[in-house]
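What follows is a short report on a single structure.
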Amino acid sequence: MSEEQAKKDTSFEPSNLDPAAKAELDKAFEELYRTHLRDVYSYAYYKVGNQHDAEDLTEQAFLQAYRHFDRARRESDGRPLRPWLIRIAHNLASNYYRDRARRPQTPLESADPIPARHGTEAIAEGREELRQVMENLQHLPDDRREALIMRFALGMDNREIARALGRTDGATKVLIHRAIKQLQEEMGVDGDD
C-alpha cells in the first residue's frame with residue numbers, strides 16, 4: 001500500500017507502509033511518546049487512582065494512538081497532539097469505569113499522590129492539602145473534575161482542554177471557572193483571596 005493509499009484508507013495499519021515511510025512514522029511517534037508519556041500517565045492515574053491500572057490505560061492509549069497516528073498527524077494541521085492523546089486516555093478511562101462498575105474499587109482518597117521531584121518537606125507539607133483536594137474533587141461532576149485535572153495536574157491550556165473534551169474554548173473557560181468555584185466551596189475556601 002502506498003502512502004497515498006494509506007491517506008485515503010481510514011482503517012490503515014502502520015505496518016502496511018513502505019519501510020522508509022514506516023521508519024519516519026515510527027520516529028515521529030517515538031518523539032510523541034517521549035514528550036507526552038508523563039501527561040498521559042498522570043491523567044490516567046488521576047482518573048483511576050492506582051498505578052497498575054494507570055500503567056495499563058497508558059499503554060492502551062499509546063497503542064491506540066499508534067494505530068491512528070498517521071491520520072491524526074495529517075488532520076491536526078500542525079496543532080499539538082497532546083489533547084488528542086488525552087482524549088484517547090479519557091475514553092479508555094471511561095470504558096474502564098463502565099467495565100468495572102460491578103467490581104469494588106479503591107477510593108481515590110486512599111491513593112497516594114504521584115511522586116514528584118520535590119524535597120521531602122514539600123511533599124509532607126502538601127500531602128494533607130492534596131488529600132483534601134482529591135477528596136473534594138470527587139464531589140464535582142465528571143466534566144468539572146476532568147477539566148481541573150487537565151488544567152492543574154497536566155498543565156494543559158484552555159484550548160487543549162477544549163479539544164480534549166470536545167467543547168468550545170468559551171465553554172471550557174466557563175467550565176474551569178465553575179469547577180474552581182465549586183471546589184473552593186466544597187473545601188470552605190474563600191475564593192476572593
Side-chain angles (χ1 to χ4, degrees), residues 10-11 28-29 31-50 53-101 105 107-109 111 113-114 130 132-187 189 191-192:
T10 59
S11 64
F29 187 80
E31 183 169 327
L32 178 84
Y33 176 83
R34 288 176 192 261
T35 303
H36 298 296
L37 174 62
R38 183 174 177 91
D39 290 339
V40 173
Y41 173 80
S42 294
Y43 179 79
Y45 184 86
Y46 279 105
K47 285 293 292 176
V48 300
N50 72 70
D53 290 335
E55 289 171 354
D56 287 348
L57 284 175
T58 301
E59 179 181 354
Q60 291 172 27
F62 278 105
L63 286 172
Q64 188 172 344
Y66 182 71
R67 285 194 293 272
H68 303 285
F69 179 59
D70 191 49
R71 186 181 79 220
R73 220 170 34 154
R74 288 190 314 270
E75 293 175 359
S76 73
D77 199 27
R79 293 185 313 251
L81 291 176
R82 179 165 75 162
W84 173 70
L85 285 169
I86 298 300
R87 183 71 180 176
I88 291 171
H90 166 80
N91 291 339
L92 289 169
S94 295
N95 292 343
Y96 166 89
Y97 281 115
R98 191 173 22 258
D99 294 345
R100 297 175 196 246
Q105 298 178 17
L108 193 54
E109 302 87 21
I114 296 175
L130 177 61
Q132 290 174 356
V133 169
M134 296 299 283
E135 182 178 313
N136 286 292
L137 268 176
Q138 295 310 300
H139 298 108
L140 300 181
D142 287 345
D143 58 345
R144 290 182 181 184
R145 182 174 53 247
E146 302 229 354
L148 289 180
I149 290 169
M150 289 179 199
R151 180 71 183 104
F152 297 105
L154 302 180
M156 294 173 72
D157 63 34
N158 289 359
R159 177 162 281 148
E160 288 178 306
I161 296 167
R163 285 183 54 214
L165 294 178
R167 294 176 177 250
T168 65
D169 291 353
T172 300
K173 185 176 180 179
V174 169
L175 177 69
I176 292 170
H177 174 76
R178 289 179 179 165
I180 291 169
K181 188 126 181 96
Q182 184 179 355
L183 185 60
Q184 287 173 334
E185 289 169 5
E186 291 283 337
M187 295 183 69
V189 174
D192 296 331

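Position 1 is the first residue of the sequence; numbering continues from there.
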(Q) Nearest 0.5 angstrom please: Thr35 OG1 to Arg82 CZ, how far? (A) 10.5 Å

Q) Do other residues, nucleotides or ligands put more than 12 heavy atoms under 6.0 Å from Arg159 CZ? A) no

Q: Of all the heavy-atom pairs spanning Thr58 and Ala44, show the shortest one and how long it is.
A: OG1-CB, 3.9 Å

Q: Taking all heavy atoms of Ala65 and all of Trp84, pick out the closest pair and write down the distance.
A: O-CH2, 3.3 Å

Q: Kindly determine whether Arg178 and Arg144 satisfy side chain to side chain contact (heavy atoms under 4.5 Å, CB included), including the steps that lead there.
A: CA-CA 8 Å; Arg178 289 179 179 165; Arg144 290 182 181 184; 3.6 Å; yes

(Q) The criterion is ring-ring contact (aromatic ring centres under 6.0 Å, His included); which residues satisfy it with Phe152, sequence neighbours excluded? (A) none

Q: Look up atom CE in Met187 and atom CD in Gln182, then write down how far apart they are to the nearest 0.5 Å.
A: 13.0 Å

Q: Please name the pair of heavy atoms, one in Val40 and one in Ala61, separated by the smallest distance, quoted to 0.1 Å.
A: CG1-CB, 4.0 Å

Q. Got a second to check how far His36's NE2 is from Ile86's CD1, nearest 0.5 Å?
A. 8.5 Å

(Q) Could you measure the distance from the CG atom of Asp143 to the CZ atom of Arg167? Nearest 0.5 Å is fine. (A) 4.5 Å

Q. Which atom names give the shortest non-hydrogen contact between Ala164 and Met150, and what distance separates them?
A. CB-SD, 3.9 Å

Q: To the nearest 0.5 angstrom, please state how far the CD atom of Glu186 sits from the NE2 atom of His139.
A: 5.5 Å

Q: Report the residue from Ile161, Leu148, Leu165, Ile180 that forms a side-chain contact (heavy atoms from CB on, under 4.5 Å) with Leu175.
A: Leu165

Q: Mind listing the closest non-hydrogen atom pair of Arg73 and Ala28 along with its distance?
A: NH1-CB, 3.2 Å

**Q.** Set of residues satisfying side chain to side chain donor-acceptor pair (under 3.5 Å) with respect to Arg87, sequence neighbours excluded
**A.** none

Q: Measure across Ala72 and Leu81 and return the closest heavy-atom pair with its distance rounded to 0.1 Å.
A: O-CD2, 3.8 Å

**Q.** Heavy atoms from other residues, nucleotides or ligands near CD of Glu75 exceed 12 (cutoff 6.0 Å)
**A.** yes

Q | Which residues share a ring-ring contact (aromatic ring centres under 6.0 Å, His included) with Phe29, sequence neighbours left out | A | Tyr66, Phe69

(Q) Using side chain to side chain contact (heavy atoms under 4.5 Å, CB included), reason through Phe62 and Leu37 one step at a time and then give a plain yes or no. (A) CA-CA 9 Å; Phe62 278 105; Leu37 174 62; 3.9 Å; yes

Q | Atom pair CD/CG of Gln60 and Asp53 - distance to nearest 0.5 Å | A | 9.5 Å

Q. Are the charged groups of Asp169 and Lys173 less than 4.0 angstrom apart, N to O?
A. no

Q: Go through Asn158 and Arg151 one step at a time and tell me if the side chain to side chain contact (heavy atoms under 4.5 Å, CB included) criterion holds.
A: CA-CA 7 Å; Asn158 289 359; Arg151 180 71 183 104; 4.1 Å; yes

